[in-house]
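Some notes on the structure that comes next.
Below, each value reflects all heavy atoms present in this structure, side chains not excepted, and no hydrogens, waters or symmetry copies.
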Amino acid sequence: MESPLEVWETPEFDEIAVAPVT
Amino acid sequence: MTAVDLAAARPRLARHVRISFDRTRQRHVLLHPETVVVLNGTGADILGLCDGRRTVAEIVTALTARYDSVPEGEVQRFLTRLAARRCVEFADG
């Protein structure tokens with residue numbers, strides 16, 4: 001039996017400025 | 001780059017960027033020298049397919065195996081916005 005497809009969400013991102021921590 | 005050009009482009013993460021899973025946020029993140037970019041689930045799935053070999057159109061096709069509908073324009077806009085932040089690069093198709 002096929003697994004149900006997931007509901008698509010609009011791809012998003014949040015940018016967080018950090019000290020060059022990365 | 002037009003939408004037609006973009007569909008044939010082959011996106012990949014920029015050299016100085018890496019994808020990682022942030023256990024605290026329970027989200028995938030892009031680690032960039034001066035920023036952390038927190039991704040939602042579909043964003044992480046898109047970037048997981050950006051290997052510099054697949055075209056944007058092929059990435060959309062691959063995502064349709066998992067999601068009920070995948071608007072190509074949303075994928076293109078997402079990648080274009082990340083390219084503007086130098087997190088993603090496009091190789092020509």
Do [X] and [Y] have side-chain heavy atoms sitting under 4.5 Å apart?
X: A:Phe13; Y: B:Arg81; result: yes
X: A:Leu5; Y: B:Tyr67; result: no
X: A:Ile16; Y: B:Thr35; result: no

**Q.** Minimum heavy-atom distance between B:Pro71 and A:Trp8, given as atom pair plus value
**A.** CD-NE1, 3.3 Å

(Q) Using modelled atom types and a 3.5 Å cut-off, is there a donor and acceptor pairing between side-chain atoms of B:Asn40 and backbone atoms of A:Glu12? (A) yes

Q.
Restricting to side-chain hydrogen bond (donor to acceptor under 3.5 Å, both in side chains), what partner residues turn up for B:Arg77, sequence neighbours left out?
A. none

Q.
Among residues at least two apart in sequence or on other chains, which ones pass side-chain hydrogen bond (donor to acceptor under 3.5 Å, both in side chains) with A:Asp14?
A. none

Q) About how many Å separate CD of A:Glu6 and CG of B:Asp45, when rounded to the nearest 0.5 Å? A) 7.5 Å

Q.
Side chains of A:Glu9 and B:Thr42 only: does a donor on one sit below 3.5 Å from an acceptor on the other?
A. no

Less than 4.5 Å to any heavy atom of chain A: does that hold for the side chain of [X], its backbone, both, or neither?
X: B:Arg27; answer: neither
X: B:Ala44; answer: neither
X: B:Leu63; answer: side chain

Q: Let me know which of B:Leu30, B:Val37, B:Val36 forms a side chain to side chain contact (heavy atoms under 4.5 Å, CB included) with A:Glu15.
A: B:Val37

Q.
Counting heavy-atom pairs under 4.5 Å with chain A, which one of B:Thr64, B:Val70, B:Leu39, B:Val29 comes out on top?
A. B:Val70

